[in-house]
Amino acid sequence: MRRQLQTDAEQAASVVSSYYGTFERQPILVGCSTEECDWNIGGRGAYAITISTPVATILRLSPRGLSPTILAHEFSHVELQRRIGTRAQLTGAFPTWFDEGIAVLVSDDDRYLKPGRTASERCIRNTEGPLPITPFEWSAIAGGDHMIYADTVCRVLHWMDGNGGRDGVLQAIAAVAEGAVFQP
């Protein structure tokens with residue numbers, strides 16, 4: 001398992017680096033190959049959980065999270081949060097739903113995206129209602145409705161269409177890193 005996890009992590013890091021231009025903060029990976037192991041270390045159904053602190057980032061992976069797609073999703077969070085800082089992430093200066101949507105996009109998770117080039121081609125579900133701004137709001141909703149990830153990536157794709165695509169995302173991240181509040 002260790003060798004496969006390392007291979008998957010290298011692949012995921014390459015994907016994230018391709019999107020962001022860099023992937024500087026390598027997280028500590030704690031992966032479980034059994035549900036019992038996952039339960040014993042606090043897993044309660046999530047594929048993966050990323051815990052970022054100013055000193056280190058720990059990524060806990062359930063057996064269902066041991067894949068390059070899930071790792072790329074989580075690594076995207078690590079890189080984005082490294083750039084904007086913990087405070088901006090926790091306070092909603094960069095909305096959690098937008099972070100989640102970018103992570104789905106970067107990982108190209110086919111559970112929440114269709115093949116295609118445009119937002120209308122790629123979106124699986126596109127709801128209009130408000131999405132969670134802070135991680136605390138997110139955790140209360142996402143466990144009950146996994147398709148919220150499809151909503152977030154669709155909203156991000158539509159935002160990107162009118163705001164410079166990937167470059168617009170990277171500019172918004174840089175602005176938040178400088179103290180701005182991002183309101184997509």
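Numbering of residues begins at 1 and proceeds along the displayed sequence.
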Quiz item: Are a donor atom and an acceptor atom from the side chains of D151 and T127 found within less than 3.5 Å of each other?
Solution: yes

Quiz item: Do the side chains of F98 and M147 join up, straight or via other hydrophobic residues, at under 4.5 Å, putting them in one cluster?
Solution: yes

Practice problem: Answer yes or no for R166 and Y19: cation-pi contact, defined as NZ/CZ to six-membered ring centre under 6.0 Å and angle to ring axis within 45°. | Solution: yes

Quiz item: Any chance the side chains of Y112 and T152 put a donor and an acceptor closer than 3.5 Å?
Solution: no

Quiz item: In terms of side-chain heavy atoms, does S120 have a donor or acceptor partner in T118 at a distance below 3.5 Å?
Solution: yes

Self-check item: D99 versus H77, side-chain donor and acceptor atoms under 3.5 Å
Solution: yes

Quiz item: Which of parallel (below 30°), tilted (30 to 60°) and perpendicular (above 60°) describes Y149 and H146?
Solution: parallel

Self-check item: Between T50 and E74: side-chain donor-acceptor atoms closer than 3.5 Å
Solution: yes

Exercise. Show the numbers, then the answer: is there a salt bridge (charged side-chain N to carboxylate O under 4.0 Å, His left out) between E121 and K114?
Key: CA-CA 7 Å; E121 291 172 339; K114 295 186 287 189; over 6 Å; no

Exercise. Determine, for R25 against E79, whether the closest basic-nitrogen to carboxylate-oxygen distance falls under 4.0 angstrom.
Key: no

Quiz prompt | Single-linkage hydrophobic cluster, 4.5 Å side-chain cutoff, V30 and L71 together | solution = no

Quiz item: Distance only, no hydrogens: is a donor on one side chain within 3.5 Å (strictly under) of an acceptor on the other, for D8 and Q4?
Solution: yes

Quiz item: Should F182 and F136 be regarded as members of a common hydrophobic cluster, given that ILVMFWY residues are connected when their side-chain heavy atoms come within less than 4.5 Å of each other, either directly or indirectly?
Solution: no

Quiz item: Can R122 and D110 be counted as an ion pair, charged N to O under 4.0 angstrom?
Solution: no

Exercise. Report, as yes or no, whether the 6.0 Å neighbourhood of atom CD on Q183 holds more than 12 heavy atoms from other residues, nucleotides or ligands.
Key: no

